There are 2 protein chains.
Amino acid sequence: MANSIYSRRLAGVRALMRKKRIDALIVPSADPHLGEYVPDYWRVIRWLTGFSGSTATVVITRSFAGLWTDSRYFIQAEGQLINSGFQLVKLRVPHTPEHIEWLQAKIKKGSMVAVDGRLISAGNLRLLEAALSPGGVKLNIKADLITPLWKERPLMPDDKAFTLPVKFSGESRVARIKRVREKMAEMHIDYQLLTAADDVMWLLNIRGKDLRYSPLLLSFAIVSSDQVLFFANEDKIPSSLKAEFDRDGIVLLPYDTVSSVISHLEEGSALLLSPSSTSSVLYRAVPKKVKITEEVSIPTRFKAIKNKTEIKNLRQVMVRDGVALTKFFYWLEKSIFGETVTELSASARLDTFRQEQEEFTGASFATIAAYNEHAALPHYVPDEGTDARLGKSGIFLLDSGGQYFGGTTDITRTIALGKPDSRMKSDFTLAVKGTIDLAMVRFPYGTRGYQIDVLARKALWDNGLNYGHGTGHGVGSFLNVHEGPQAIGTAASGDLKTLLEPGMLISDEPAVYRQGEYGFRTENLLFCVDDFETDHGKFLKFETVTLCYIDCDLIEVSLLDDRELKWLNEYHETVFRALGGSLEPDIRKWLRGKTMPVKRSQGAIFK
Amino acid sequence: MANSIYSRRLAGVRALMRKKRIDALIVPSADPHLGEYVPDYWRVIRWLTGFSGSTATVVITRSFAGLWTDSRYFIQAEGQLINSGFQLVKLRVPHTPEHIEWLQAKIKKGSMVAVDGRLISAGNLRLLEAALSPGGVKLNIKADLITPLWKERPLMPDDKAFTLPVKFSGESRVARIKRVREKMAEMHIDYQLLTAADDVMWLLNIRGKDLRYSPLLLSFAIVSSDQVLFFANEDKIPSSLKAEFDRDGIVLLPYDTVSSVISHLEEGSALLLSPSSTSSVLYRAVPKKVKITEEVSIPTRFKAIKNKTEIKNLRQVMVRDGVALTKFFYWLEKSIFGETVTELSASARLDTFRQEQEEFTGASFATIAAYNEHAALPHYVPDEGTDARLGKSGIFLLDSGGQYFGGTTDITRTIALGKPDSRMKSDFTLAVKGTIDLAMVRFPYGTRGYQIDVLARKALWDNGLNYGHGTGHGVGSFLNVHEGPQAIGTAASGDLKTLLEPGMLISDEPAVYRQGEYGFRTENLLFCVDDFETDHGKFLKFETVTLCYIDCDLIEVSLLDDRELKWLNEYHETVFRALGGSLEPDIRKWLRGKTMPVKRSQGAIFK
């Protein structure tokens, strides 16, 4: 019955498994840098199963083949897996390794489980071992069953890397390397292994074109007190950049040699690596007598704190991004009752408005353009199968971002397409109260993101509402749109040591979702900045840097308190002043209307 | 120069150290149950150094003897350590093992460090080993250098244990044991080791008199699927209780045999223990082939959630405790301008008012009675050296609690003794806003304490204020006044898995301190209760159960929003209705005055 190309590929994998005495194979959706996005070369699951979603895990045994993914992909996966030989296994909790529980329950003692050790982090391998080894199950992390079978595998991109000038980065690579070395000395670290490509980009002030949404060159680096080894495909480094590297003492080595270099680190030396972004293969290459310190990388901590140049650049980028969005929403309002506008055509149109902007290089993630019930799915991305036509009523949620030389943006706005009913206005306003209340918080130095998350949720909680995702994530400077180590969320998991610090950029995106009806989310980016100092310590606050009007047709003014209303009106004045000068007269006039101060009705004052 | 009894004791310890080839000795302030309070028998540091504070760590080497303690004890320790041969080492962060850093820096390779393994938890020993073994330092946890030297050591208390009737516990011991066994089966645990005495008390529905502030019998227990082994001094178990134990299948064994029983657990069995409350000696007694699960104990999780009887009893206890406090504050207001009232005499008087109450057995901790600048020290406890006379101006902070058969109380009130200035009123009100805002929160099931901590701090943060301690701790049912696993605080350390659940009792005690001037704290106990359920899940809220007026002379009404003011006035009405009937007419009338609704001035309404 299952007789598709995918079931033939599955049969091929099973044949190899038998040959290599492997009882179960795990296939993650990852590349050796373990980042959020991967190039087509590493989209093994799409080749193997036909499933095109970004996140999944496949497990194959002799008698079973399953694909674990989260709720946003359930419908898509059910369709794409028909006749593939793979069955969908629905994750109860997104981004959790529930396939491990399955293996633990199903795999017999003495079995061999394989996973490509390049594609599983040392941290996750440890979880897998802890689950399986007490049951006498063995692990093989060296078997690559895919390469021999995938004949027409896409090539790795061959676009060249380029230098990011100091006018964008604000700091030379020599200065960055020096700072990292000082921190290494302070931590008594001899070697810093960098496996996340954005860490390498930041350190070396370069960018690449290997991924669709992040300007990364997939590469590794090792920093010591007197050397920087940079592991990349030589063909992708232009000669001008090679000359810069020579001048700055950076040694270019073939991409594939990183494991071998790691395996020759001298005994007794101290190596810093992050177990969540270091592959098991690299981790295991470290000689036994090297002392490993497991920690978030130094560049990850450093790059989270933007310098003055990066801050200034992002403010300029925000004007451009805001102009593009304003033009888009103006176009949408004017067009929606005339031409056919769908989620996909709106996304495309937004892209053209961003492309008109200086130094824009592409989207920072797949645009979430969601009409009505699609907006209730936090991670919905339209495709040909789901694309909905925007109508004369309901709501439209747009979560998008751009990559500019001067910075990365991420913004969500939800607008009413007709006259919203009172529940919609109440829901929208309660979520916006969260966006505003978080933006207004003042907090002592030493505060962590999880401590202030509730401020974004309190108005919702008071009304029996909530949202099932985090409130804020870090954002890179012309790097990944999702960047650590800081975050604002309910879970104090992950890195408990990370404080909110001046210079950090973080999103503020509370939301409310009504399944099958609609969803509202308003997302701004905030800079953390110094506020003042008292006997009780140094206090910090946020500054909202995203510039785009919030649809006041959805605001129920009586739900805002005086401070929130003042914030909203001041924000709108800021938006108009920042963008107005870059807009044509008719759009400027339109934006003036969208950003007029909201006033309480006479009734509200005395109620 | 140092020629006191303490320096002679130090010399005696050093002589034994030489004999046993010990280079450094660590002396913790703990007993083998690793709880907050210890009996005199275990107050080794007081005997050795003269320091009488409750928390400290001593480290002795051939050439150095130091005592690490936190800021609340700095002045006291400096005085008490004169001529002792010990020097004070000031902890930078309270309750942290900073002596380990010192040892790491000072102790040479090949040295032997000793600590009595009965008095250090397995968790803390692990920290010590991790710090010292890389430097080639060895650890000896079996050397007891104190017993041979301490000739007139206090005896362990010989008071007998007693049964806590089901009318107080709400559940028979048989039912409790059954519930624990069901949970053990679910967790695939064969043995549950109980080392914290309050866990044992809860499980067996007994109480003891070994400690001053907690009704505990120092004892251990091991629960299996068919046995409960109870390790205690047989003399302290009355025959009636022995008969109950026989009937209920509980085996009484000598206190000292727990280690030996542990060492005979059968191979392959699964043992649950908590590494923070299990001594290193017991931990090491576990045979290698026993599978240890390290987790908060099952009784700790169970007893945190109070049953209906415990809830009902505590509500009654709160009336009694509130009556005692009301009488006290009435007495204070009437007496302060006549007789001499000091912090210590006020404490004693409070005690007599509590003793008049039914089923009161003693204080639940050392009363913090603090006048003016003493109130700026969160853990201040008056003694003869610091005792201050209460004057006609300033403020008086009283943090106290009682042990009753029906429950344990913990309450803080701060009152003005004269006319407070505007900064005092502002400070007090900002902290009270925190008490109220936390009490009013509504939150989804699944929320952890650290998520809502900010609600108690936000009004302070907005004004550049803060406090350096947690916001809330669990409270036992006629057990320890500080009880886990739940807590409300800034740190998501400790047990990240613990959710706030209906039936949990937790304190709500934001504060503000002005060093050298005054401090304000208002502390109530809250029950977590069900609120309602929506499409977005089940929501919970708190109910304030503490019953005592809040001094409105310190309230700046304009700083309270409408909801907070409503809460305050409703709370005061509840307090008056609950307590009024138990008070004599003149005190009742006085309380009516203290609990009259606070109104906004006309000016405030229109400002």
Side-chain angles (χ1 to χ4, degrees), chain A residues 134 270 291 376 427 437-438 440-468 471 488-497 499 512-517 531-541 561-563 605-606, chain B residues 134 270 291 376 427 437-438 440-468 471 488-497 499 512-517 531-541 561-563 605-606:
Chain A
K291 194 180 139 199
D427 283 351
D437 292 352
L438 184 62
M440 288 197 301
V441 66
R442 165 179 291 172
F443 53 93
Y445 185 81
T447 299
R448 295 164 186 85
Y450 61 78
Q451 290 179 248
I452 57 174
D453 174 80
V454 67
L455 300 176
R457 295 180 198 266
K458 191 173 181 312
L460 294 168
W461 285 4
D462 281 341
N463 292 278
L465 300 168
N466 199 8
Y467 51 95
T471 298
I488 298 174
T490 58
S493 56
D495 180 38
L496 296 182
K497 290 198 299 188
L499 309 179
V512 62
Y513 306 104
R514 299 276 189 185
Q515 288 312 316
E517 296 186 65
D531 194 0
F532 58 73
E533 194 157 353
T534 74
D535 291 349
H536 290 75
K538 188 171 128 182
F539 283 74
L540 308 177
K541 63 178 178 178
D561 69 25
D562 290 347
R563 286 183 71 207
I605 290 176
F606 294 104
Chain B
K291 194 181 139 198
D427 283 352
D437 292 351
L438 184 62
M440 289 197 300
V441 66
R442 165 179 292 172
F443 53 92
Y445 184 81
T447 299
R448 295 164 185 84
Y450 61 78
Q451 289 179 249
I452 57 174
D453 175 80
V454 67
L455 300 176
R457 295 180 197 266
K458 190 173 181 311
L460 295 168
W461 285 2
D462 280 341
N463 291 278
L465 301 168
N466 198 9
Y467 51 95
T471 298
I488 299 174
T490 57
S493 56
D495 180 39
L496 296 182
K497 290 198 300 189
L499 310 180
V512 62
Y513 306 104
R514 297 276 189 186
Q515 288 312 315
E517 297 186 64
D531 194 359
F532 58 72
E533 195 157 351
T534 74
D535 290 348
H536 289 75
K538 188 172 128 181
F539 282 75
L540 308 177
K541 64 178 178 178
D561 69 25
D562 291 347
R563 287 183 71 207
I605 288 177
F606 294 105

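So that the names make sense, note that chain A is the first sequence line, chain B the second, and so on, each numbered from 1. Predicted, not measured: the structure shown is a model, and the values here were computed from it.
In this structure, the separation between CG on B/Asp562 and CG on A/Asp561 is 11.0 Å, given to the nearest 0.5 Å. Taking CG of B/Asp535 as the reference point, atom CD of A/Gln515 lies at 9.0 Å (rounded to 0.5 Å). Rounded to the nearest 0.5 angstrom, A/Ile452 CD1 and B/Asp453 CG are separated by 12.5 Å. The CG atom of A/Asn466 sits 12.5 Å away from atom CZ of B/Phe443, with the distance rounded to the nearest 0.5 Å. A distance of 5.0 Å separates CH2 of A/Trp461 from CD of B/Gln451, quoted to the nearest 0.5 Å.
Across A/Asn463, A/Val441, A/Leu465, the residue that shares the most heavy-atom pairs under 4.5 angstrom with chain B is A/Leu465.
A/Val454 is listed as a side-chain neighbour of B/Leu455, based on a closest heavy-atom distance under 4.5 Å. With contacts defined as side-chain heavy-atom distances shorter than 4.5 Å, the pair A/Thr447/B/Thr490 does not qualify.
Listed by chain and residue number, A/Lys433, A/Met440, A/Glu564 satisfy the side-chain contact (heavy atoms from CB on, under 4.5 Å) test with A/Asp437 (two or more places apart in sequence, or in another chain). For B/Lys291, there are no side-chain contact (heavy atoms from CB on, under 4.5 Å) partners two or more places apart in sequence or in a different chain.
Listed for the B/Arg442 side chain is a donor-acceptor partner under 3.5 Å among the backbone atoms of A/Asp462.
Heavy atoms of A/Lys538 lying under 4.5 Å from chain B are absent altogether. Proximity to chain B is limited to the backbone of A/Tyr513, based on heavy atoms less than 4.5 angstrom apart.
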